[in-house]
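Numbers restart at 1 for each chain; the letters A, B, ... are given by sequence-line order, proteins then strands.
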There are 2 protein chains.
Amino acid sequence: MRENLTQTIEDYLKTIYQFTLEHQRATTNQIAESLGVTPASVTGMLKKLAATEPPLVEYKKHYGVLLTPAGEKIALEIVRHHRLLEMFLVQMLGYEWDEVHSEADRLEHHISEAFEERIAEALGDPQRDPHGNPIPTRELAIQKLNDIPLRSLQPGQKGVVQRVRETDPELLRRVAELGLVPGAHFEVLEYSPLDENLLLAIAGQPVSVVLGKGITNQIFVKAI
Amino acid sequence: MRENLTQTIEDYLKTIYQFTLEHQRATTNQIAESLGVTPASVTGMLKKLAATEPPLVEYKKHYGVLLTPAGEKIALEIVRHHRLLEMFLVQMLGYEWDEVHSEADRLEHHISEAFEERIAEALGDPQRDPHGNPIPTRELAIQKLNDIPLRSLQPGQKGVVQRVRETDPELLRRVAELGLVPGAHFEVLEYSPLDENLLLAIAGQPVSVVLGKGITNQIFVKAI
DNA sequence: AATCGAATTTAGTGTAGCCTAATTAAGAAA
DNA sequence: TTTCTTAATTAGGCTACACTAAATTCGATT
């Protein structure tokens, strides 16, 4: 199995991994939406992934899929590739944090183990990628996070940004301009449920953040 | 055409480019051999490449193919990617010159223009790759070479290694051990046609070079 | 000019992964 | 329980790119 994996299969496994992290399972429609294919195509692929030796997913009709250990291993390898690449692009090639996602998304399927090792070493085995997401170790262990969405904080609470789960370059640039990068300290000043507007103090400066499409739902923080 | 190019098509064009450089054309069997597919498959693909708009190759049945300007442009982009990547792997990630070929062969199809530009800049727009092959410029101009195979030199002649056209890691390592890397000065001492054995002086030291599988046909030099 | 072998092309298939359209199953609401 | 909506699956097809086996063409040699 470790050989002849197509990019397609790797993409399915990665997607399933991401959804199961948040929702305990991945559904056909979610996967289809995320990969830009039709649900019918997903059903076909899930059957195939469940029929390999060893099986890569556990598939229950009309319910959804989980990764098997074999499937999770592959997903974590891809996630490690992706996040190491993002770090590499920023630190060694001078990319901005909003430019790395699409590049890493293509390259993650094509770098060798040797390449992975060399950039990990050159970067000093980083624990997090530029967006604050944890990078699985060489042994594919990944740290569990207990951060919470920024939106869930109440006025008066203070916190530190942990990670930004967002891939859209436009939005990432706006977030960076506000200074809401991993490590940034802030305090929630006000929240108006009507227009979903949030007023924060970031590094002492009051800043108004608009929750367009739930941006602040994608910013994970730790309350302090 | 510039979009939706498959890796397969890029590989065909690159292969055709290499053969036409040396033999003024590429034949079906050469391409098949080089890509590891059957001649029948090549015929099918050549027809397709000749039928695109604009056509990528000029195809004459039972004769062979040439690249059109459009096809050559794509081939040169891939060659530029490949050679820049090789240089990048050696200079920035510490690869040995025998390790870079296969890695670059995969990555060349998947890096963006932005990636290309950044490594070119980081490397200071190199003219040659680690094996001495010329790197097409940003505008895809490539320098013409007038170097000659080492084998063609007569005893008594002196020369400088220009490039090593070989991809096999085993052989590359042996060549490097002998010191026959680009820039190396040498003198031909003896040649025995019987066992195809060549005796050289490299940096003053006499070295015996065996022409197994024509290694010295792959080493290109300039006589001085 | 006829012949022969190697190179090439044609014809017919197979597999991966996608699609649309039609059907079925699940779960919420009546 | 029955009904309705939405999610998911099945059935049938399409395209890209490979393959094998059979037929053809070229060009060299008689």
Round to the nearest Å and state the distance from [X] atom [atom1] to [N] atom [atom2].
X	N	atom1	atom2	value
B:L46	D:dA16	CG	C1'	15 Å
B:L49	D:dC17	CG	P	9 Å
A:E33	D:dA7	CD	P	11 Å
B:M45	D:dA18	CE	C1'	9 Å
A:Y63	D:dT9	OH	C1'	18 Å

Looking at every strand, decide which applies to [X] at a 4.0 Å heavy-atom threshold: base, sugar-phosphate, or nothing.
X	result
A:K60	nothing
A:T38	base
A:S41	base
B:T28	sugar-phosphate

Exercise for review: Return the 5'-most residue of the pair A:K61, A:Y12 with respect to DNA chain C, ranking by each residue's nearest nucleotide.
Suggested key: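 With A:K61 and A:Y12 compared, the 5'-side residue is A:Y12.
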Point to revise | Parallel, tilted or perpendicular, as decided by the 30° and 60° cut-offs, for the rings of A:F88 and A:F115 | key: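 Rings of A:F115 and A:F88: perpendicular, as their planes differ by over 60°.
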**Study point:** Cation-aromatic face contact B:R118/A:Y95, 6.0 Å, 45 degrees
**Key:**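 Yes; both conditions hold, so B:R118 lies above the ring face of A:Y95.
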Practice item. Decide whether a cation-pi geometry holds between B:R25 and B:Y63; the criteria are a distance under 6.0 Å from NZ or CZ to the six-membered ring centre and an angle within 45° of the ring axis. Key: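 Judged by the rule, B:R25 and B:Y63 form a cation-pi pair.
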Check your understanding: Which nucleotide, D:dA8, D:dC19, D:dA16, lies nearest any side-chain atom of A:Y59?
Key ->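 Closest nucleotide to the A:Y59 side chain: D:dA8.
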Review point. Looking at A:N29, does any N or O in its side chain come under 4.0 Å of the phosphate oxygens OP1/OP2 on D:dT6?
Key: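 For D:dT6, OP1/OP2 do not have a side-chain N/O of A:N29 under 4.0 Å.
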Check your understanding: For B:T8 and D:dA16, is the shortest distance between a side-chain N/O and OP1 or OP2 below 4.0 Å?
Key ->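 No, because none of the side-chain N or O atoms of B:T8 sits under 4.0 Å from OP1 or OP2 of D:dA16.
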Review point. Contact boundaries of DNA chain C with chain A (under 4.0 Å, heavy atoms), 5' to 3'?
Key: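 In short, chain A contacts DNA chain C from C:dA16 to C:dA26.
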Exercise for review: Would you indicate whether A:Q18, at its atom CD, is surrounded by more than 12 heavy atoms from other residues, nucleotides or ligands within a distance under 6.0 Å?
Suggested key: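 Count over threshold, so yes.
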Review point. Would you say B:E33 has more than 12 foreign heavy atoms packed within less than 6.0 Å of its CD?
Key: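 Atom CD in B:E33 is not crowded, with 12 or fewer foreign heavy atoms closer than 6.0 Å.
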Review point. Do B:E10 and B:E108 touch side chain to side chain, with heavy atoms closer than 4.5 Å?
Key: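 A side-chain contact under 4.5 Å is absent here.
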Check your understanding: Do B:E166 and B:H131 have side-chain N/O donor and acceptor atoms under 3.5 Å apart?
Key ->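 The answer is no; no qualifying pair exists.
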